[in-house]
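Below is one structure; the comments refer to it alone.
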Amino acid sequence: MMEPLLLGGRELTSRLFIGSGKYADDALIPDIVARSGSQVITVALRRVDLSNPDRNILAHIPADVQLLPNTSGARNAEEAVRLARLAKAAGCGDWIKIEVISDQKYLLPDGFETVKATEILAAEGFVVLPYVSPDLMVAKALVKAGAAAVMPLGAPIGSNRGLQTKELIRILIEEIPLPIIVDAGIGKPSQACEAMEMGAAACLLNTAIASASDPLLMAEAFAHSVISGRQAYLAGAGSIRQYASASSPLTGFLEASC
């Protein structure tokens, strides 16, 4: 069993966080949660319709899973803060994933507005998980603002392009004293495994599972990859050598044969 991840006062035994969008049928979500083993699921607040149970995505999320509402659709800090407060008032709890995106071509997050929103919401008692580009200075500002974790993108959201920002994420892992949760861009289990091998605390993904031909099998594959990557990180990889090094001594064998 993996050692737990402590986040927002909760002990998580799974380091795979999942999204709830893009599924052909929301009724798949309980099985996706079960096959992935995930204990955290993010939901866009604009998809929550408490007045209509038939269209309320929350009805498909198991009660024991930590809900992580996100501020998808917010274009600045003010809108993100308003969405977070609405989520809490709607009974979605005090965890919030800050997404502030004004760029509509690459959907890259606005780090400056994200820091502003984080500072306000952390002061109000929210467990704030901000989604950002992997910028060290922005990440340091998020630490001061009271973030519970930092969630750098691996590649543009929904692209399935993998760890395009690998070296920048590595810097955050080394320099930021908060859990680094790689979010967005991961398209294959091997990429999630690589992020965990680097020392990421967790991975969050949605499109890779939702767009797979068999989402349930892919959810299970990601569960295994995150566990393997974490175990490899804890085990500590051997050093890389420029030249060959025999796995067993040859000298003694050759001398005995002469």
Step by step, would you call Leu67 with Leu58 a side chain to side chain contact (heavy atoms under 4.5 Å, CB included)? CA-CA 9 Å; Leu67 196 61; Leu58 297 184; 3.7 Å; yes
Could you tell me if the side chain of Leu153 sits less than 4.5 Å from the side chain of Pro134, heavy atoms only? yes
With sequence neighbours excluded, give me every side-chain hydrogen bond (donor to acceptor under 3.5 Å, both in side chains) pair touching residues 120-134. Arg85-Glu124
In the structure I gave you, are the side-chain heavy atoms of Ser20 and Ile41 within less than 4.5 Å of one another anywhere? yes
So how far is it from Asn206 CG to Thr42 OG1, rounded to the nearest 0.5 Å? 8.5 Å
Give a yes or no on whether Val143 and Val132 share a hydrophobic cluster (residues Ile, Leu, Val, Met, Phe, Trp, Tyr; joining criterion: side-chain heavy atoms under 4.5 Å apart). yes
Check this for me, if you would: do Arg170 and Glu175 make a salt bridge, where the nitrogen-to-carboxylate-oxygen distance has to be below 4.0 angstrom? no
Has Gln39 got more than 12 heavy atoms of other residues, nucleotides or ligands less than 6.0 Å from its CD? yes
Do Pro109 and Glu99 touch side chain to side chain, with heavy atoms closer than 4.5 Å? no
Tell me, please, which residues at least two apart from Lys144 pass salt bridge (Lys or Arg N to Asp or Glu O under 4.0 Å). none
Go through it in stages, so that I can follow the logic: the residues are Ile157 and Tyr106, the test is side chain to side chain contact (heavy atoms under 4.5 Å, CB included), and I'd like the CA-CA distance, side-chain angles, deciding distance and then a yes or no. CA-CA 8 Å; Ile157 193 167; Tyr106 299 104; over 6 Å; no
Pair Asp183 + Lys97: basic N to acidic O under 4.0 Å: yes
Does atom NZ (Lys188) have a neighbourhood of more than 12 heavy atoms from anything else shown, all under 6.0 Å? no
Start with the C-alpha gap between Ser211 and Lys22, add the side-chain angles, then the distance that decides, and say whether side chain to side chain donor-acceptor pair (under 3.5 Å) holds. CA-CA 7 Å; Ser211 64; Lys22 298 185 177 180; over 6 Å; no
Qualifying side-chain hydrogen bond (donor to acceptor under 3.5 Å, both in side chains) pairs with a residue from residues 146-158, counting only residues at least two apart or across chains: none
Evaluate the side-chain proximity of Trp95 to Arg10: yes if any heavy-atom separation is below 4.5 Å, no if none is. yes
The test is side chain to side chain contact (heavy atoms under 4.5 Å, CB included); show your working for Glu194 and Leu163 and say whether it passes. CA-CA 8 Å; Glu194 184 176 11; Leu163 296 175; 3.9 Å; yes
Measure the shortest side-chain to side-chain distance between Phe17 and Leu5 over non-hydrogen atoms and say whether it is less than 4.5 angstrom. yes
Would you call Lys116 and Glu78 a salt bridge, using N to O less than 4.0 angstrom? no
Going by the side chain to side chain contact (heavy atoms under 4.5 Å, CB included) test, name the single residue among Ile98, Ile96, Val150, Leu7 that passes it with Leu129. Leu7
Show, in sequence, the C-alpha distance, side-chain angles and deciding distance for Val43 and Ile61, and conclude whether the side chain to side chain contact (heavy atoms under 4.5 Å, CB included) test is met. CA-CA 10 Å; Val43 178; Ile61 296 177; 3.3 Å; yes
